[in-house]
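Below is one structure, written out as structure tokens, with a few remarks after it.
Both backbone and side-chain heavy atoms feed into the values below; hydrogens, waters and symmetry mates do not. Chain naming here is simple, since letters A, B, ... match the order of the sequence lines and numbering starts at 1 in each.
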Amino acid sequence: MAESSRIRLLGEGWFGGLAVQVALLGAVLALWYVLVVGFDVPEWQLPTPARIFGSMVNDFTTIAPHLLSTSRNVLLGFFISVALGLSLAIVIYFNAPVGMTITPFINLMCIIPLITIVPLLMLWLGFGNEAKLIAVVLQSFPIVNLNAFASFSNVDPLRLELMQSLKATRYQTMRCCVLPDAMPGIFTGVKLAAILALIAEVTSEIVGGNTGLGAQIIQYTQYMKMPQAFACVFYTALFGALFHQSLSFIERQLVKK
Amino acid sequence: MSKNDFSIQEVFGGGLTEVAPVSELRVDGKKDEKLKKVLYPSILLAVLIVLWEVCVLAFGMPQTVLPSPFSVARALAVNFKSLILPELIFTLEIIAAGYTISVLAGFLLAALCSQSRLLARSAAPLAVMFMVTPTIILIPIFMVFLGFSPIVRIIVVVLQCVPIIMLNTLTGFMSIEPQQREMLAAHGCSRRQILTKFTIFNAMPQIFTGLKIGCVISTIAALGADFAMGKEGLGYRIKISSSMVAIDMVFATIIVAALVGIVMFEIVSFIERRVIVWKRGG
Amino acid sequence: MVQKIDGDAYLSLENVVKSYGKIAVLSGVNMRIDKGEFVCILGNTGCGKSTLLKIMGGIEREERGEVIFQGIPMPRKNTAARQRRFGMVFQQDSLMEWRTVDENVRFPLEVFGLRDSRYLRRVDETLESVGLAKFRGLYPRELSGGMRQRVAIARALVHDPEVLFLDQPFDAVDAITRMTLSRELLKMWQSTLKTIVMITNSIEEALMLGGRIIILSDIPSSISSVFEVSIPFEERMGDLRKNRTFQLLRSEIRSTLDRQDQGGLDS
């Protein structure tokens with residue numbers, strides 16, 4: 001369908017588009033600055049972007065361990081989810097009875113807000129990383145599984161027939177035929193899972209956390225340290241954006257043929 | 001060769017597609033298969049519940065760690081009206097308001113962006129930025145300005161949900177294949193005719209994908225907001241029940257929250273099946 | 001069967017030039033098509049046949065040169081009024097998945113604003129003529145490739161166009177369906193005497209259908225040769241391979257195309 005992606009978001013790309021994006025972001029920040037200064041908004045309510053960037057740099061050493069904690073949980077949970085979701089999808093694909101049994105539950109897990117389990121998990125496992133990790137995996141892996149399986153099922157039947165006529169093993173069929181065709185759909189699920197993973201992690205931190213950016217934001221706002229709070233917000237947004245871009249980049253490498 | 005239509009894929013590298021509704025499995029049409037598809041999971045469910053009950057009894061689990069299914073059901077029945085219902089209504093209102101606004105805003109923004117490639121290319125990354133950031137982190141900050149107002153929750157839900165609906169709708173609007181463009185040109189269709197006779201229908205599947213994902217996201221966002229802000233909502237009830245170690249209530253409320261998600265999703269799926277009649281066939 | 005009409009050609013191209021960016025595709029194509037002719041265009045892959053057809057049919061605009069239809073240069077703007085006179089069938093059927101067969105065939109009538117009962121009857125007639133009257137309530141998803149292409153053909157005919165353009169319309173269907181569909185097309189032409197311009201990559205198909213065959217050279221293309229195919233209609237529908245004219249022309253055309261191909265490789 002689409003020709004090879006001509007536009008990259010970061011780095012090379014259509015100069016006009018990139019310039020506009022940067023300009024828009026810059027405009028937003030500039031407007032922010034002007035509003036804060038113009039309306040003389042006190043710093044404990046809304047600090048200027050400059051102040052926030054400053055805090056991002058100056059308070060980095062304090063924030064860093066929390067950034068690390070959040071990132072670690074998200075990435076670990078995410079990878080587990082992808083591995084679990086994909087392997088389960090492959091199993092279901094080759095084993096119809098298992099599929100019939102499990103798929104409704106997976107569908108259900110995609111639809112219900114699994115973060116509601118977080119307080120329960122914390123009651124059982126304490127406020128440490130285990131509960132958060134489990135929450136992340138629970139929220140993320142179903143969507144990977146769902147999209148992966150849906151993509152497997154939508155593979156070109158002619159190619160499947162070809163594989164059959166060549167008496168290809170299951171492994172070969174998977175590797176040469178199903179997986180490549182299913183990549184776009186798999187990545188859709190993967191990127192959604194990434195978003196859900198970060199949401200799950202941050203929500204867990206807010207529910208009961210000592211560590212993590214989410215917990216820190218609550219801490220900072222309680223003490224009215226707004227620049228630091230915003231710094232954490234920006235770091236979270238930055239992490240989310242980088243995470244997403246990396247996945248898009250990987251996708252382009254794997255899907256573009 | 002007519003120009004390839006701009007694909008939003010290029011901007012944010014791949015659309016968000018296909019979340020299948022609960023009832024969507026590959027239907028083979030054989031009565032046997034259909035029966036199996038209901039029977040097998042039901043059996044598993046029954047087994048799990050029985051297992052649950054057995055574990056509780058056999059291991060003598062204290063009710064404070066793992067309540068029996070029976071006591072969960074009882075807690076649900078007893079406390080529904082007094083404790084759960086008011087919170088349920090509150091959270092439902094938040095979700096309804098947030099989702100509705102998101103859908104309207106999402107459609108509007110997508111319609112605007114579809115008019116100009118420049119606008120689409122600039123707006124899409126901004127939307128992606130909001131999509132990939134958990135808006136729940138903004139709550140403590142919003143609370144400084146707005147206190148405990150429900151508006152904070154609605155804003156958070158909307159901010160999390162709008163980008164998804166907008167991006168999927170936009171993708172739907174902009175994915176017209178070159179050969180379809182040629183066909184429309186062969187009939188000399190005006191822009192308005194293309195929009196009303198083609199684009200809208202062509203976009204329907206993708207639009208509904210966005211609506212379905214938006215469902216899930218808005219529920220998650222609303223409940224997360226409950227957690228962050230406390231005082232009201234299903235999430236609050238869960239949190240407070242767990243802090244009181246009233247685990248049967250925790251379970252009960254979680255089930256209610258799950259039902260909210262399911263019902264909402266099924267409503268959207270139902271509407272989808274009514275609108276997109278052309279995919280079910282053969 | 002070729003009907004030569006004296007006077008101005010029905011549809012003619014004069015010095016049509018077209019490039020895509022730096023690539024010159026069509027360089028000075030001169031062509032005339034008379035009313036009621038069935039003309040087939042042949043050429044090696046990538047020689048710009050589709051581009052040529054699209055220019056004739058109003059989907060693409062020529063860079064230089066003129067397309068003259070019924071003595072009047074084609075209006076520059078692509079409008080429903082201008083397109084009303086043409087019907088186009090592409091390689092891909094481009095049916096609208098959300099419309100039934102019936103509604104897909106009605107589409108041109110909607111766009112062109114043809115509400116006359118005569119046209120509504122044509123919906124039935126064209127569906128009958130492509131053999132899909134029974135399937136009018138089905139969605140494209142429920143049809144085979146051959147059936148979908150038939151719907152596309154019905155759609156191209158429903159508004160009674162003056163010229164029918166087909167771009168390798170039977171490429172996406174199997175060989176048997178292809179034979180069936182091309183025979184039906186020939187029969188339809190025989191009874192309606194519409195002007196038909198068709199691109200095909202099959203020499204045999206071109207000989208069966210076309211009263212005249214135009215060979216396009218490799219890019220930058222122009223008309224390299226024209227062949228008159230004087231085979232009577234009855235023999236076209238019969239066992240064509242036994243026909244002497246058919247055999248002669250077939251080898252002549254084949255060598256023409258082969259020569260072009262080699263020429264292209266050398267230069």
Side-chain angles (χ1 to χ4, degrees), chain A residues 1-3 5-7 9 16-17 20-21 24 45 97 100-101 103-105 107-108 110-113 115-117 119-120 122-124 143 146-147 150 153 184-185 187-188 191-192 195 198-199 202-203 206-207 213-214 217-218 221 226 229-230 232-233 236-237 240-241 243-244 248 251-252, chain B residues 4 7 9-22 25-26 36-37 40-41 43-44 65 118 121-122 125-126 128-129 131-134 136-138 140-141 143-145 175 177 213 216 219-220 223-224 227-228 234-235 238-239 242 245 247 250-251 253-254 257-258 261-262 265:
Chain A
M1 196 215 357
E3 298 172 341
S5 312
R6 289 168 268 135
I7 311 300
L9 252 190
V20 175
Q21 291 156 28
L24 258 174
Q45 278 199 336
M100 280 192 268
T101 323
T103 314
F105 291 100
N107 286 2
L108 213 63
C110 287
I111 296 168
I112 65 183
I115 52 159
T116 48
I117 293 190
L120 189 64
M122 294 199 157
L123 199 54
W124 284 340
I143 193 74
L146 186 82
N147 275 45
S153 312
F187 262 97
T188 302
K191 292 205 288 195
L192 269 171
I195 295 173
L198 187 54
I199 293 179
V202 174
T203 309
I206 286 184
V207 166
L213 289 171
I217 293 174
I218 299 213
T221 47
M226 296 311 282
F230 271 94
C232 287
V233 171
T236 314
F243 193 15
H244 190 259
S248 295
E251 179 184 21
R252 275 195 293 271
Chain B
N4 246 358
S7 170
Q9 321 277 41
E10 298 167 0
V11 174
F12 69 99
L16 300 176
T17 61
E18 286 313 317
V19 174
V22 183
L25 292 172
R26 292 216 90 65
K36 275 194 210 167
K37 282 181 177 159
Y40 283 23
I43 293 177
L44 181 59
V65 174
L118 188 69
R121 274 182 207 195
S122 332
L126 233 62
V128 173
M129 202 180 69
M131 182 175 72
V132 302
T133 313
I136 188 178
I137 56 174
L138 297 170
I141 292 171
M143 282 177 75
V144 172
F145 296 95
S175 30
E177 302 281 329
I213 302 179
V216 179
T219 320
I220 292 178
L223 286 160
F227 286 153
L234 281 177
I238 294 176
K239 211 170 163 199
S242 67
V245 200
I247 300 227
V250 174
F251 269 75
T253 322
I254 289 178
I262 295 172
F265 191 85

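A distance of 13.0 Å separates CG in B:L44 from CE in A:M100, rounded to the nearest 0.5 Å. The line from CE of B:M131 to CD1 of A:I199 is 10.0 Å long, rounded to the nearest 0.5 Å. Atoms CD1 and CD1, on A:I115 and B:I136 in that order, are 6.5 Å from each other to the nearest 0.5 Å. In this structure, CD1 in B:I137 is found 7.5 Å from CG in A:L198, a value given to the nearest 0.5 Å. Atom CD1 of B:I254 sits about 5.0 Å away from atom OG1 of A:T116, to the nearest 0.5 Å.
Here the closest heavy-atom approach between residue B:K239 and residue A:V207 is recorded as CE-O, 3.6 Å. The heavy-atom pair separating A:C110 from B:V216 by the smallest distance is O-CG1, 3.5 Å. Closest non-hydrogen pair, A:I218 versus B:P140, comes out as CG1-CG, 4.2 Å. Contact record, B:P134 with A:T236: CD-CG2, 4.0 Å, taken as the closest heavy-atom pair. Closest heavy-atom contact between A:P113 and B:T219: CG-CG2, 3.7 Å.
For A:M122, no part sits under 4.5 Å from any heavy atom of chain B, backbone or side chain. Residue contact with chain A, scored on non-hydrogen atoms closer than 4.5 Å, involves the side chain of B:L138 exclusively. Neither the backbone nor the side chain of A:F187 comes within contact range of chain B; no heavy atom of the residue lies under 4.5 Å from a heavy atom of that chain.
Looking only at heavy-atom pairs under 4.5 Å with chain B, the residue among A:P119, A:P97, A:C232, A:A241 that has the most is A:P119. Most heavy-atom pairs under 4.5 Å with chain B: of the set A:L213, A:I117, A:I217, this distinction falls to A:I217.
Residues B:M143 and A:T221 have side chains not in contact (no heavy-atom distance under 4.5 Å, counting atoms from C-beta outward). Between B:F265 and A:N107 there is no side-chain heavy-atom pair separated by less than 4.5 Å. B:I43 is not listed as a side-chain neighbour of A:T101, based on a closest heavy-atom distance of 4.5 Å or more. Residues B:I213 and A:L192 have side chains in contact (heavy-atom distance under 4.5 Å, counting atoms from C-beta outward). Side-chain contact between A:F230 and B:I141 is present, with at least one heavy-atom pair separated by less than 4.5 Å.
Annotation: ring-ring contact (aromatic ring centres under 6.0 Å, His included) contacts of B:F227 (sequence neighbours excluded): none. With sequence neighbours excluded, the residues satisfying ring-ring contact (aromatic ring centres under 6.0 Å, His included) with B:F251 are B:W52.
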